[in-house]
Amino acid sequence: MREREDVFLSTKEARRVYVMEEVLEGRITVREAAAYLNLSERQVKRLKKGMKEKGVLAQVHGNRGRTPKHAISKDIKDMVALLAQNEYKGASCQHMSELLVRQKGIHISSKSVSRILKERGIANPYSHKSCTPRKSRTRAQKEGMLVQLDASPFNWLEGRGPKLELHGAIDDATNKVLALYFRPNEDLRGYLEVLEKMTMDYGIPRAVYTDGHTIFFSPKKDKLTIEEELAGKRVALTQLGRVFEELGISHIHARSPQAKGRIERLWETLQGRLKIEMRIAGISSIEEANEFLPGFIEEYNKQFAVEPADPESAFAVPVVKEKMESIICLREERTATGSTISYHGQKYQLVDEKGNILPLPSKAVIQVLRHLDDSIDAMYQGKRYGLCEFNPAPKQELKLEAREKQQVIRKPNPDNPWLNFKLPPKVDAPVEQHFEKRNWKRRQIHQNYKED
């Protein structure tokens, strides 16, 4: 900027003033000035006339120093700053802009929100950060070709309730959130809930991409000997590994967090957005949080999902619901003993559809299925059966009752010499004499008893 006659001019305006002064003093012509300024001769004549009437002020725009009609008012700026420090605390500028439109009916761009926060000295946690450049992996071509699974531990309720872990699945081709579910910890139940919701809403994906958690891969997978590998021995699958295998899903191991970057970025986005949405909704329990998720997922996908390279879906049609229930569940093996099996300290018997108890051979292998609603049934020889509790009468009580019935109380005869036996009185005789008398008395009693 340059200052001329107490007026601040930009470089462009100062150049025009210099050229117009040269025109007024006759050093250059109007045509030459038009060539220098890249303007028409008519425009130069207007500038020359303005310089004669107003001087340098003719080159300054008339709106300089005026407040624009579309400028954001001070009241709105104060409200944005207050919300950013309280209700919308921790939200990004883009998220704040969306919340202001949805809840307050105020249309402000994210850049305007950023300018307001900078003017008020309010720090934003989502300032631009330089990242390490990495080679990007091309997205899958079709929706359902590759799904990334993971869980995120975070203080989602911000102290209003317990700390939770959010289990989720995101489609690699479309960036679409397929399912989310809260659990107290990262566990099998959380991933089974996500799988069930995903398969019911979209279908069965072709492949899943996960980290090396022992929920997905057995810790014994690298402990086979060479002889066992040559013999074709397989490491026992985890519960989730079994589910993937029975559904025909390829399981890919991600060797680093950056390899599954789509779901890692999803957690970063949700930790900034979902916690604020739940704070505004007043959610303070895991049940309320899980009920809130479907509506949030729908709004999220409308805004952030992208179109796949190939519009044809790769999701496979799920099998019959009953078949899916027998796959997406917790499955444990039990060995039958006398037509009963033991499960969690309780004995059960298998029941068919007609309510008849199924006789089992000794050492028959039964698979107990615990479903997501905590109900249980069993599978034997490829068929599903119900389970009923088996409560036999305790054997110890039966033995005690039999003993009480068989017990006979016997009383000694009233003339039994032992009933009338009394100790001899104390005497001052020597100890040897006292014991001699006592022994004689006992021998006499014993002799009388034998004669009777």
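Note: H167 and Y181 fail the aromatic proximity criterion, with ring centroids not under 6.0 Å apart.
The distance from atom CG of L188 to atom SG of C329, rounded to the nearest 0.5 Å, is 9.5 Å. Note that NZ of K197 and CG of N290 are 7.0 Å apart. Values are rounded to the nearest 0.5 Å. With values rounded to the nearest 0.5 angstrom, I106 atom CD1 is found 9.5 Å from I72 atom CD1. Separating the NZ atom in K383 from the CE atom in M379 is a distance of 12.0 Å, to the nearest 0.5 Å. Atom CD1 of residue I283 and atom CD of residue E291 lie 8.5 Å apart, to the nearest 0.5 angstrom. With rounding to the nearest 0.5 Å, the separation of CZ in F216 from OH in Y209 is 13.5 Å.
Counting only N and O atoms by type, the side chains of Y343 and R370 include a donor and acceptor under 3.5 Å apart. A side-chain N or O of Q103 and one of Y88 form a donor-acceptor pair less than 3.5 Å apart. In the model, E277 has a side-chain atom that pairs as donor or acceptor with a side-chain atom of H95 under 3.5 Å.
Closest approach of T174 to P308, counting heavy atoms only: CG2-CD, 3.7 Å. Contact record, A91 with M96: O-CE, 3.2 Å, taken as the closest heavy-atom pair. Listed here is the closest heavy atom pair of A169 and V194: CB-CG1, 3.7 Å. Between P162 and L157, the shortest heavy-atom contact is O-CD1, 3.8 Å. Considering all non-hydrogen atoms of both residues, A289 and M278 come closest at CB-SD, 4.0 Å. Nearest heavy atom pair, residue L372 against residue L192, reads CD2-CB, 3.7 Å.
Here the rule is side chain to side chain contact (heavy atoms under 4.5 Å, CB included) with L350, and of N356, I357, T340, L387 only L387 fits it. For the side chain to side chain contact (heavy atoms under 4.5 Å, CB included) test with I204, the passing option among V147, L195, L247 is L247; the others fail.
Using cut-offs of 30° and 60° on the angle between ring planes, the pair H253 and F217 is tilted.
Proximity of L369 to S326: side-chain heavy atoms (C-beta onward) are separated by under 4.5 Å at one or more points. Contact check for P205 versus F315: side-chain heavy atoms found under the 4.5 Å cut-off. Within the 4.5 Å cutoff, no side-chain heavy atoms of K275 are placed close to those of Q271. At least one side-chain heavy atom of R262 sits less than 4.5 Å from a side-chain heavy atom of R139. Residues L166 and L293 meet the side-chain proximity criterion, which asks for heavy atoms closer than 4.5 Å. In this structure, the side chains of L99 and E87 stay at 4.5 Å or more apart for every pair of heavy atoms. Side-chain atoms of L270 and L180, non-hydrogen and from C-beta on, do get closer than 4.5 Å to each other. Side-chain contact check for R273 versus E98: some heavy-atom pair is nearer than 4.5 Å.
Under 4.0 Å is where a charged nitrogen must lie from a carboxylate oxygen, and between E193 and R183 no such pair does. Under 4.0 Å is where a charged nitrogen must lie from a carboxylate oxygen, and between R120 and D78 at least one such pair does. Under 4.0 Å is where a charged nitrogen must lie from a carboxylate oxygen, and between R384 and D377 at least one such pair does. Under 4.0 Å is where a charged nitrogen must lie from a carboxylate oxygen, and between R331 and E246 at least one such pair does.
Side-chain atoms of R242 never come within 3.5 Å of backbone atoms of L237 as a donor-acceptor pair (strictly under, hydrogens ignored). Of the possible polar contacts, one joining the T238 side chain to the I215 backbone as a donor-acceptor pair under 3.5 Å is found. Judged by distance alone, the side chain of D172 and the main-chain N or O of A140 form a donor-acceptor pair under 3.5 Å. Using modelled atom types, one side-chain atom of D171 and one backbone atom of A173 make a donor-acceptor pair closer than 3.5 Å. D211 places no side-chain N or O within donor-acceptor distance of the main-chain N or O of D150, the cut-off being under 3.5 Å. Within the 3.5 Å criterion, the main-chain N or O of G241 finds no donor-acceptor partner in the side chain of H251. Remark: the backbone N or O of L360 is paired with a side-chain donor or acceptor of S339 at under 3.5 angstrom.
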### Task
Please assess E264 against Q148 for the test side chain to side chain contact (heavy atoms under 4.5 Å, CB included), listing each intermediate value before the final yes or no.
CA-CA 10 Å; E264 295 292 346; Q148 297 185 15; over 6 Å; no
#### Entry: Residues D373, S375; criterion side-chain hydrogen bond (donor to acceptor under 3.5 Å, both in side chains); working and verdict
CA-CA 6 Å; D373 58 357; S375 63; 2.7 Å; yes
### Query
Is there a side chain to side chain contact (heavy atoms under 4.5 Å, CB included) between T269 and Y300 once you walk through the steps?
CA-CA 10 Å; T269 304; Y300 182 93; 3.9 Å; yes
### Task
Applying side chain to side chain contact (heavy atoms under 4.5 Å, CB included), run through L117 and C93 and close with a yes or a no.
CA-CA 9 Å; L117 298 184; C93 296; 4.2 Å; yes
### Message
Assess the residue pair Q367 and Y380 against the criterion (side chain to side chain contact (heavy atoms under 4.5 Å, CB included)); give the C-alpha distance rounded to whole Å, side-chain angles, the decisive distance to 0.1 Å, and a yes or no.
### Response
CA-CA 7 Å; Q367 292 183 332; Y380 177 57; over 6 Å; no
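Other residues, nucleotides and ligands contribute more than 12 heavy atoms inside 6.0 Å of the CG atom of N86. The local environment of CD in E268 is sparse, with at most 12 non-hydrogen atoms from other residues, nucleotides or ligands closer than 6.0 Å. Q303 CD: more than 12 foreign heavy atoms inside a 6.0 Å radius.
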